[in-house]
Structure formats: C-alpha cells, structure tokens
Amino acid sequence: MKARLKIWITSLTLLLGGCVSEEPFENTYVGNVEALWQMIDEHYCFLTYKKQTLSVDWKEVRGRYLAARLDTMNAYNLFDHCAAMLSELKDGHVNLYSTADVGRNWSWKEDYPKNLDIELRESYLGTRYKIAGGLKYRILERERVDGEGQTVKDSVGYVVYESFSSAVSHSCINEVLYYFIKCKGIILDIRGNGGGKLDNCDILSSHFFETKTHVGYMSHKTGKGWDDFSSLEPEYITPPDYIRWLRPVVVLTNRSCYSAANTFVRNMKHAPYVIIAGDRTGGGGGMPFNAEMPCGWGVRFSACPQYDAQGEVVEHGISPDIFCSLDDEKAKEGKDSMIETALTLIE
Amino acid sequence: MCLALCVLSVLPLRSQVRENTFQLGFGGIRVQDTYLSPLKYSGWQLSMFWMTERESGFLCQVQGQFSKTNAVGTVMSKPRMLGGGVSVDAGWHYKWHPVDNLRFTLGALGGLYAGVLYNENNTNNPANAHANIRFSATVGARYSFPLWGRTWRVDYKADVPVIGVLFSPEYGQSYYEMSEYGMSGCFKPLWFGNGLNLRQQLSLDIPFKNFYLRVAYASDIRQQSVNDLKWHDWGHTGMIGFVRRFSLVKIR
C-alpha cells in the first residue's frame, strides 16, 4: 500500500512540478532595472573582458543603478536610466529600444576623428559610377612616375561599400572585378560601414583569397556564467569558384567600421595582396542577440564573441597596416588624402 | 502536410476497416521561449488534426497549428510572436473491451515534431526552431451509449513522449554559427527530465446519418528545458470535426 502511495505521489509531483517555465521580473521600475541587469549578467559575452580592459564592474553597476530614486522617475527618465546602465559597457552592440528612442553608446566612433567626408568621397565616384548590389564602383585614371622615372598612365578600381546590410552576391562581385580587369589594383573604401550581415562579409572577402585560409575563431555562451563559453570554432575563408582578385587591394577604414565591417577587416588582414589603410576600426566583435524587458522595451547585446587568428578578441577594433587620416588642407583642394594615400600604395 | 496525408492514407492495410477523423480548432495558447525573450506570451492558435485508425490497431495522426501571441503584462509596447508547427505520429495500440460499450486502448507511437517561433521584435535572433523525434506512450478510453435511438460516444485519448531526441540551440548559440560550423551540441535526449510533454483530447461524437460530428477539447503541452534554455507552448483548443468509419472493398 505504501509503495503504491509513493508511486502516486511521485507521479503527481512529476505532473504538477513538470511545468517548464521561467518567471519574468515584475513590470515595475525596480523589476525592469533588475531584469535588464540580469539579462546582461547572464547573456552578455564580454563581462570578464570589459572588466579586464575597461574596469567595468557589472556587479557594482547593479547596486549603483538600483540605488537611484526610481520611484520619482517617469517612463522617459527610466529609459535614460536603463540606457545609461547599458552605456557602462561601452559597446556599440548594446542598445535599448523603445518606440521613442534608441539607447546607445557610440563612443567607439564619436570620440575619434571621423576621417570621412561624404561629399569628398562622392567627388571621386562622380555621377556616372556603377552600382552592383550594395557596391558603388568606377575606374580612377591616374598618372604616376614609375621606378625608372617614367611617367605612366594606368587605372585603379574604386569601390565604396557603405553597409554590409546591402546585398552583395558572387555574381555582383564577379561583374565588378571583371570591369576592373585592366586596373592595377582596387581601393575598397568601407569607411562609415557600420556592419550588417556576416554572410555578405564572407562573400565579399572570399574573392580576395587564393587558398582556404584560417582567419579567426567564433564561440558562444553555453550557460549563465560570465566565462561559460564553447570551445573556439575556427573560421575559414574559402575562395569561390569565381573570379579571384590576386592583385593589390587597399581597404580604407575609419573608426565607423563596426561589427560585420570589423569582421571583414579581420578577414582581409589574411588576404595575400591586401593592405589595410586608414584608422583603427571601431570594433564590435560580438555577434548580437535581442531580448525584451518586462515593460516591452527591446534590448540588444553582444552574445557570441569573435576572435582573430591568434585568438584575441576583436571587440575593440583592429589596427590598420598603415595609419592615415583625412587632411583638412587637402580636403579644401578637393583631395581625399586617404584615397590619395591608397592610390600611392598600389604600384 | 498534404503529401504526408496522401502517403499515410494508402499504407498497406491488414484490415480494410478504418476510421478517419478530421478536426479544426481554435483556442488559447501560452508561450515562453527564453532563447527569444524572457517574457511570457499569450494569444490564440488555429489547429488542425487528422487521424486514421485501422481495425488492426494501426493508427496515424497528423497535427498542425499556427499561433499568434503578444507579450503578457508589458505596457510600453506589445511585442508579438508568431508560431507554427507540425507533428506526425504513427503506431499501434492494443484494444481491450471489458464490456461491450467500453473500450480501453494502450499503445505506442513513433513520430516527429517540427516547429518555429518568430519574434517580430528581434532582429538578430528573430526565430527559434523546435524539433524532436520521439516514441510516445498512448492511452485511450471510449464509452458508447444510446441516446435518442443512436449510439453516441465519449472518447478520451492521451499520448506522452517517453524517449527520443530533441533539437535545441545551445544557450547563446546563433543560427549563423550553426549554419556555418555545424550543430554539434544541439541534439539532446528527450525524456521526462527535460520537459514533460502531453497531448490529450476529450471528445463527444454526435451521430449523424453516416458519420459522427466530433466536438472536442484538446490540450497540447509541449515544453523543454535544455542547454539552460526554457521553452513551453501550452495550448488549449476547442475543436470540431467529423469522424467517418468505413471499409474498403476490393473488386476484382
């Protein structure tokens, strides 16, 4: 009889306690701040890294932001308060979204020279440039003095790619590269490219590789602990069975190159005929995820860290091979000094 | 799904007598998927259920549903999720008639479920897939009774997945990473310990000229807790449909 009773009790416990559910925080001001803090604490992938590099102590942040007089705030104040808490992470992939505003920390680009004058860049493209997917391109004719002191005329392909959200396909890139068939090299200007789809990044970079090349690693969180990560997954770029550009390429960068653009630069560092020129990239080496606060505001945060081929985190950007910046004096003469530098790098 | 129905309808028969059921339903659903959001969602679902049962005990069932839900308790905005899934099960059950008008069944099903949840608010991880292959235990009871000169039926059946394999991304794993570098770690054993699943239906069969009109309450509890991620999908649906019993006669 006792054995039967035990079986019934066990079965009932299984049925009643078998509900898989996680109670969200209450939709109060305190509940929302708590929920946001915990979301980052459990999901954000750079807490240890930010503590080591920027001295961000996320445990201390909790106490400071919960100690504020939340009961005196209205919804707008609460939004600013939560956005300020997220700003402590100094990560462009960490955002708070409401219908009224986007909470952000763009210090990765706002604290540095822009090194981009859109009008100046457009003057190099002119009005007759071609468009293939998200790529704007044209041939720049130039005169230069070669190593024997002779003046030679040749040409360089110039491509502007403003966002990795704009589609590119192998077909588009084939067309562009074929158009540049007589050019000595290509300037690939991704200044101001804030990222987009990693697929586009892989497609574009693959055309500049000769062989399958290891370019970095990726991992993801496997649990709620700050350091619960999967093993590093090697990332490779495999050249496509299409046109491969095995001549000089200069990739122009600035601090606004972020996220997928940062990954593109990481990849291109390993391409055989590529020079990265300009300013350090802005970073954004963590693939973001989204979640929601109890009040309904959206949250975005870095979730899957990316590394370079040496296993170093690329969250805080990648240095160019050659530093150069926009010269205001030359800009007044209608010259983009960064494009001019790139032209000199293509022999 | 239509293809599955056609294939299953022409499976070889040990007995030519069969009973086919088709039902459509509408009801409420509560959803939570912590891969997409920590919030709970509730809303409505449309569902479809088709089953064929042979005299021999062979049975096959196909179920599909579509849901639309909104976050519960939010005030600043109303995030929305869309969901859908299909399950296909086939198996056999033993029938036992202790008395003429009462039938109990006990059997086993093998099947699969595949579904997806889409969160309209999320741009980087907008959707999550749920899938499993499982063996389920099934029980049922049917009571027939005369009323107004016809035979009415009350039917209850339930099935519970006992063992199988389920798919779930790892805690913070992106679908980009899965598509590029494989899904090792995404397949886990399915058993009671990582989510009790239950599908049950209580129905009343109202006799008409040559078929039964079925009015039913169906409850579908799907849930899993693996890789530190929790998912539940609790649906309660009112259903209406018809049941037809007939036999195939071969004419040589």
Side-chain angles (χ1 to χ4, degrees), chain A residues 14-27 31-32 35 38-39 42-45 75 78-79 93 97-100 197-199 202 218-225 228-231 233-236 287-305, chain B residues 30-41 70-81 119-126 160 169-182 184-185 192-198 221-234:
Chain A
L14 249 176
L15 279 170
L16 295 177
C19 293
V20 174
S21 185
E22 192 168 287
E23 282 310 310
F25 280 90
E26 279 186 34
N27 186 15
N32 275 288
Q38 186 174 306
M39 202 181 291
E42 293 177 351
H43 292 270
Y44 185 66
C45 66
L78 179 69
F79 183 90
H93 274 150
Y97 298 96
S98 78
T99 46
K197 291 182 180 174
L198 277 178
D199 291 331
D202 294 344
M218 173 180 266
S219 71
H220 59 264
K221 288 201 74 181
T222 54
K224 294 176 180 175
D228 292 344
F229 288 107
S230 64
S231 55
E233 190 72 58
E235 292 185 89
Y236 295 92
M287 191 189 288
F289 262 39
N290 295 85
E292 289 156 337
M293 288 170 64
C295 63
W297 290 338
V299 184
R300 187 172 80 144
F301 50 83
S302 301
C304 308
Chain B
R30 295 183 73 86
V31 180
Q32 185 182 37
D33 184 343
T34 59
Y35 182 80
L36 299 173
S37 169
L39 303 186
K40 290 183 174 178
Y41 281 68
N70 286 95
V72 176
T74 58
V75 287
M76 307 295 189
S77 68
K78 271 283 174 205
R80 190 167 75 159
M81 281 215 274
N119 185 315
E120 291 187 345
N121 248 15
N122 291 5
T123 49
N124 296 97
N125 50 322
V160 179
E170 290 200 322
Y171 185 69
Q173 191 176 21
S174 66
Y175 277 83
Y176 170 81
E177 189 180 343
M178 275 184 260
S179 65
E180 294 283 319
Y181 307 110
S184 61
F192 291 127
N194 52 28
L196 183 69
N197 290 260
L198 170 68
I221 307 298
R222 281 186 292 269
Q223 45 188 16
Q224 68 189 36
S225 175
V226 284
N227 295 336
D228 263 341
L229 296 171
K230 290 182 176 171
W231 166 59
H232 73 231
D233 187 331
W234 302 331

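Letters A, B, ... mirror the listed sequences (proteins, then strands); counts begin at 1. Note that the structure is predicted; figures quoted are calculated from it, not measured. Excluded from the calculations below are hydrogen atoms, water molecules and symmetry mates; all remaining heavy atoms, backbone and side chain alike, are included.
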Full working for side-chain contact (heavy atoms from CB on, under 4.5 Å) between B:D228 and A:K224: CA-CA 8 Å; B:D228 263 341; A:K224 294 176 180 175; 4.2 Å; yes
Could you go step by step and tell me if B:E180 and A:L198 meet the side-chain contact (heavy atoms from CB on, under 4.5 Å) rule? CA-CA 11 Å; B:E180 294 283 319; A:L198 277 178; over 6 Å; no
Stepwise side-chain contact (heavy atoms from CB on, under 4.5 Å) test for B:N124 and A:H93: CA-CA 11 Å; B:N124 296 97; A:H93 274 150; over 6 Å; no
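The CG atom of B:N122 lies 5.5 Å from the CD atom of A:E292; values are rounded to the nearest 0.5 Å.
Of the listed residues (A:P24, A:A291, A:C295), the greatest number of heavy-atom pairs within a distance under 4.5 Å of chain B belongs to A:C295. In terms of heavy-atom pairs under 4.5 Å with chain A, the best-connected choice from B:G185, B:A71, B:G73 is B:G73. Counting heavy-atom pairs closer than 4.5 Å to chain A, the top residue among B:E177, B:K78, B:Q224, B:E170 is B:E177. For chain A, the option among B:I221, B:N194, B:N119, B:V72 with the highest count of heavy-atom pairs below 4.5 Å is B:N119.
Residues B:K40 and A:E22 are not paired through a salt bridge, judged by the lack of any N-O separation under 4.0 Å between the basic side chain and the carboxylate.
For the ring-ring contact (aromatic ring centres under 6.0 Å, His included) test, no residue two or more places apart in sequence or in another chain qualifies with B:Y41. Residues passing the side-chain contact (heavy atoms from CB on, under 4.5 Å) test with B:T123, sequence neighbours excluded: A:N290.
Pairing each heavy atom of A:H220 with each of B:G172, the nearest pair is CB-O, 3.4 Å. What you find for B:W234 and A:C19 is that their closest heavy atoms are CZ2-CB, 4.0 Å. B:Y35 and A:F289 get closest at one heavy-atom pair: OH-CZ, 3.4 Å. When all heavy atoms of B:Y176 and A:D202 are compared, the closest pair comes out as OH-OD2, 2.6 Å. Nearest approach of B:L39 to A:M293, heavy atoms of both residues: CD1-O, 3.4 Å.
Residues A:S21 and B:K230 form no side-chain contact, since every pair of their non-hydrogen atoms from C-beta on lies 4.5 Å or further apart. The side-chain heavy atoms of A:M39 and B:P38, taken from C-beta on, include a pair separated by under 4.5 Å.
Contact annotation for A:E26: neither backbone nor side-chain heavy atoms come within less than 4.5 Å of a heavy atom of chain B. For chain B, the nearby part of A:E233 is the side chain; its heavy atoms alone come within less than 4.5 Å. With a threshold of 4.5 angstrom between heavy atoms, B:W231 approaches chain A through N, CA, C or O but not through any side-chain atom. Looking at B:Q173, the atoms closer than 4.5 Å to chain A (heavy atoms on both sides) sit in the backbone and in the side chain alike.
B:Q223 places a side-chain N or O within donor-acceptor distance of the main-chain N or O of A:V20, the cut-off being under 3.5 Å.
Taking the six-membered ring where the residue is Trp, B:Y171 and A:H43 present parallel rings, their angle staying beneath 30° rather than reaching 60°.
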